[in-house]
Amino acid sequence: MKAVQVREGIYWVGAIDWNIRNFHGYETPNGTTYNAYLILDEKVTLIDTVKAPFTEEMIERIESVISLDKIDVIISNHVEMDHSGGLPVMMEKCPKAEIITSMPSGIKGLTAHYGHEERYTAVKTGDSISLGKRSLVFTGTPMLHWPDNMVTYCPEEMILFSNDAFGQHVATSERFVSQVDLQYVIENAKSYYANIIMCYGKQANGAEKIVETLDLEMIAPSHGLIWTKEYQEILKAYAKWSGEVPTSGAVVVYDSMWHSTEKMAMAVADGFKQAGVEVHVFDLKAEHYSKIMPYVLDSKYVAVGSPTLNNNMLPNVAAFLCYLKGLSPKERSYVAFGSYGWGGQSIGHVAAELDACGFTKAIEDVKIQYIPSKEQLEKLEADIAAMAK
Ligand code: FEO
């Protein structure tokens with residue numbers, strides 16, 4: 001396997017994971033890449049490594065350009081193991097390499113994962129190193145997406161090595177956004193944002209501001225394709241996703257036992273349609289919760305329905321709400337609904353979870369015993385329409 005030249009003297013030496021389909025709960029139907037970058041200068045530098053099982057692939061790509069013992073510096077922009085998994089092998093094979101990470105969380109994180117505290121050099125925002133012809137400047141981007149994250153900027157090349165920020169979970173044989181369909185990349189970047197970065201919107205907005213101050217020609221993330229001439233597109237998209245609260249749009253998410261809650265879900269959707277609100281409906285038996293998150297990102301309203309099973313909501317709904325709460329989109333309005341036979345506790349439990357998300361109740365919770373009548377469904381639709389108008 002060969003390195004791919006990104007610029008003269010700069011190579012992509014990462015790995016392509018064609019087969020990963022679940023990234024800690026986030027379904028990744030298009031696989032991903034773990035991007036590492038090699039800079040040939042007076043000091044030969046490797047930026048990030050790859051997930052451990054892909055270390056040999058990275059080494060093969062590096063060795064297609066230069067032997068491992070020539071590496072002088074390894075930058076660890078992020079401790080999470082999809083980027084640092086190859087580090088123990090690299091520490092062994094490059095015993096003299098200086099390993100640079102962030103202060104204090106990078107040091108703590110790498111030491112906790114791999115030991116060898118003595119091998120790490122800590123940097124903070126604004127610190128820089130000279131590689132010879134080029135330099136690298138470090139900026140902390142904590143919580144994008146762990147406390148240790150930092151980005152590395154090369155002013156002479158106008159390249160930002162952005163690690164998790166601006167990435168996409170996409171496996172392709174191409175390395176640049178310009179070689180594939182832009183819309184496809186943006187959609188995957190949006191799904192990545194919604195499932196990984198959304199809860200750190202404030203931090204993403206901060207990173208945005210840092211990036212705006214840089215002279216750029218390229219953003220080289222640690223997942224997916226590299227942004228070149230179209231990099232403004234991803235900056236614009238991040239500004240929107242991290243900076244704007246949606247003023248319209250609705251998602252209706254439900255699970256159903258005997259179609260009663262499903263009928264209610266359709267009435268809720270029809271109410272939104274009647275009010276001119278774009279609505280997307282998801283049956284959790286048919287769709288994985290992570291696929292729904294990009295729609296939540298775009299929606300003001302989140303309506304969640306569950307019948308009552310054994311005094312509680314259905315497990316699919318509980319999983320969705322757990323995931324949603326973790327990602328904590330802000331300033332949404334909610335509707336909790338569902339059918340029941342006798343207890344009817346599920347609707348209150350759903351509402352409590354949506355309250356815990358910090359959402360505002362849009363209408364009183366709606367619970368209907370056994371089978372919703374035509375009149376009940378019409379009333380539900382009318383109530384939603386009146387509220388959303
Ligand atoms: Fe791609 Fe937070 O690791």
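Counting starts at 1 for both ligands and their atoms, following the listed order. In this chain, residues are counted from 1 in sequence order.
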* Does atom CH2 of W258 have more than 12 heavy-atom neighbours, drawn from other residues, nucleotides or ligands, at distances under 6.0 Å? -> no
* Option from W241, Y238, W227 for which ring-ring contact (aromatic ring centres under 6.0 Å, His included) with F166 holds -> Y238
* Please note down the angle at atom 2 (Fe) of ligand 1 between ND1 of H145 and OE1 of E80, to the nearest 10°. => 90°
* Short N/O/S contact of H78 with atom 1 (Fe) of ligand 1 (below 2.8 Å) -> no
* Asked: Just one of V180, D181, V185 clears the side chain to side chain contact (heavy atoms under 4.5 Å, CB included) bar with Q183, so which one?
  -> D181
* To do: Report the name of the N/O/S atom of D164 located nearest to atom 2 (Fe) of ligand 1.
  => OD2
* To do: Considering just N/O/S atoms, say which atom of D82 is closest to atom 1 (Fe) of ligand 1.
  => OD2
* Validate the cation-pi geometry between K51 and Y34: distance from NZ or CZ to the six-membered ring centre under 6.0 Å, angle to the ring axis within 45°. => no
